[in-house]
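Contents: one structure, followed by commentary.
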Amino acid sequence: MTHLEGHAGALAVAVARAHGVETMFTLSGAHVFPLYDGAVHADPPMRLLDVRHEQTAAFAAEATGKLTRVPGLAVLTAGPGVTNGTSAIAQAQFAGSPMVVLGGRAPQSRWGSGALQELDQPPILAPVSKLARTIPTAGDMLSGMHEAFTVARSSHRGPVFVDVPMDELFGSSAGEVAAGGHVRGADPDTDALEAIAALLVAAQRPVLVLGTDVWADHAEEAALRLVEALGIPTITNGMGRGLVPGGHPLLVTKARGQALGNADLVVVVGTPLDFRLGFGVFGGAGPDKGQGTEPAKVVHVADSPGQLSGHATLAGRASGDLTACLDGILAAVEKAGQASYAGWVSSLQETVKAATARDAELLAAEADPVHPARIYGELVPRLADDAVVIGDGGDFVSFAGKFVEPQRPGGWLDPGPYGCLGAGLGAAIAARVARPSSQVVLLLGDGAAGFSLMDVDTLVRHDLPVVMVVGNNSAWGLEKGPMQMLYGYDVAADLAPTRYDEIVKALGGAGETVTDPRQIGPALDRAFASGVPYLVNVMTDVNAAYPRATLGI
């Protein structure tokens, strides 16, 4: 421990630094001035990254937590500053992203008399936070902030909100700064792991699903060990993407329907059994999909007991440190006598091969207007193995999920199950700070672009080059098609064919609009070579909708 004396802002910065925080995301507000002073006078100074809308600061902190697995830090001024960050906090809660949001608060000495932006904020944030509380005095700052960071980075990870009265934030105190670090989860129950192993040994058509929490829990090496040792076909989602590298023979995401529809056992690790996974109901399609079989047995493995499904019928369950869970399952399978899934894997690989061939036609489409898939046909070959790809949109980003298969874990960011638009610019800022030498590509639907494109100004001011690609079909594509299906018409679903590249230019960046599919590749090359925030605005076919099987309900 280190002894420290100073005002409460300096104490808060010292605790954040002890937990590995390097950047404070914020938008200036007088209620939190001591935090800025603490950052400026820290040794070394903490990076201050100021944005144009508080939602961007909070989304940047949320994305930092995902990318670095150290809680991101957002500092938001009182009242509307805090409420503007609420959607990002909710996204973090749904996605299990570690972050700490420190909010300003009206002075305690004036409480109840109508001070500027006087609002009791923790009750508002409590439903979407792991912890939401007021740190009442300067003397409570060290322990309160240490608690906040420890809770945020403990399984199951998520956002913590604290606010501090303005008069106390300017006040001084002294105490010990405790060290922070990765918090390991509990040891899993050995009997539970052995029961899961027995199911794997008995299965003929198992599928493994790996999700975000496998990455968040530092279990990426254990996950790949399990996949390769068992020879089990695997599907990834969220930040689980890249745990099994794109192109790996056991990655069968392109055969997802066949795999989950024909499986006799599905083992889901590190992601909820929500709408993205059919609410935990798999199998029943039969080998030819036309002949029904018994539903698949389902196993759920989570980083903490509270994340285990309460609605699905489970044949097995386990919780705890995910490296221990995965390695424990592998050891138990090897002890029990592993079954072979070679025939099952081979059939899925044939489907992957066929799907890849079909995809190749779309990825090279010469259609006019541009088919959204052609953008990915040009983008994917240009992505480096360590690229960070960010999705912020509906229909256009759904194509990204189909065609972009990361080569490494920790290189894919999407909103997660909360489905919140507007997260993209904050995530891009965070990615460029966290991965300064990597490509950072932000994929935007034109609807999503309207939420946060003003924060290109932040990219420009802080010299953060990012390649932005807008799939511009001049519509809310995710709503237009379903509304037409339901009612035979649509309203409130059309947008203007906006020159988003001109907006970026006006803010100090660069860009261009593309209408010819043959010009997408050269435009991307110019974007990657530019060294500035660069937006490629591709006009796409509004009728080329992503084929989806669920609306998430």
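Fair warning: this is a prediction, and the values are worked out from it, not measured in the lab.
- In this structure, CD in Glu405 is found 12.0 Å from CG in Leu383, a value given to the nearest 0.5 Å.
- Looking only at side-chain heavy atoms (C-beta outward), Leu73 and Phe25 stay at 4.5 Å or farther from each other.
- When all heavy atoms of Pro159 and Gln93 are compared, the closest pair comes out as CD-OE1, 3.3 Å.
- In this model, no donor atom of one side chain and acceptor atom of the other lie less than 3.5 Å apart for Gln307 and His300.
- With 3.5 Å as the limit, one finds a donor-acceptor pair spanning the side chains of Asp414 and Trp412.
- A heavy-atom distance below 4.5 Å is not found between the side chains of Pro369 and Met539.
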Would Asp321 and His218 count as a side-chain hydrogen bond (donor to acceptor under 3.5 Å, both in side chains) here? Give the steps. CA-CA 9 Å; Asp321 175 76; His218 298 258; over 6 Å; no
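- Salt bridge status for Asp359 with Lys254: present, with a side-chain N to carboxylate O gap under 4.0 Å.
- A salt bridge links Arg225 and Asp327; the closest N-O separation between the charged side-chain nitrogens and carboxylate oxygens is under 4.0 Å.
- Side-chain atoms of Asp541 and His371, non-hydrogen and from C-beta on, never get closer than 4.5 Å to each other.
- Looking at Asp490 and Gln484, their side chains do bring a donor and an acceptor atom within 3.5 Å of each other.
- Checked against the 6.0 Å centroid criterion, the rings of Phe451 and His53 do not qualify as a close aromatic pair.
- A side chain to side chain donor-acceptor pair (under 3.5 Å) with Glu54 is found for one member of Asn84, Thr26, Thr83 and no other, namely Asn84.
- One side chain, Arg499 or Thr513, offers a donor N or O that lies under 3.5 Å from an acceptor on the other.
- Salt-bridge annotation for Lys505 and Glu512: absent, with no side-chain N of the basic residue lying under 4.0 Å from a carboxylate O of the acidic one.
- When side chains are defined from C-beta on, Thr458 counts as touching Ile429, because their heavy atoms get closer than 4.5 Å.
- Residues Arg157 and Asp303 are paired through a salt bridge, judged by an N-O separation under 4.0 Å between the basic side chain and the carboxylate.
- A salt bridge is defined here as a Lys NZ or Arg NE, NH1 or NH2 lying under 4.0 Å from an Asp or Glu carboxylate O, and Asp455 with Arg52 fails to meet this definition.
- Checked against Met468 for a side chain to side chain contact (heavy atoms under 4.5 Å, CB included), the options Val456, Val536, Val441 give a single hit: Val456.
- Results of the ring pair (Phe, Tyr, Trp, His ring centres under 6.0 Å) test with Tyr546 over Tyr376, Phe399, Phe396 single out Phe399 as the only residue that passes.
- Classification of Arg461 and Asp50 as a salt-bridged pair holds, one side-chain N sitting under 4.0 Å from a carboxylate O.
- Between Leu443 and Ala400, the closest heavy-atom pair is CD1-CB, 3.6 Å.
- Leu425 is not listed as a side-chain neighbour of Phe59, based on a closest heavy-atom distance of 4.5 Å or more.
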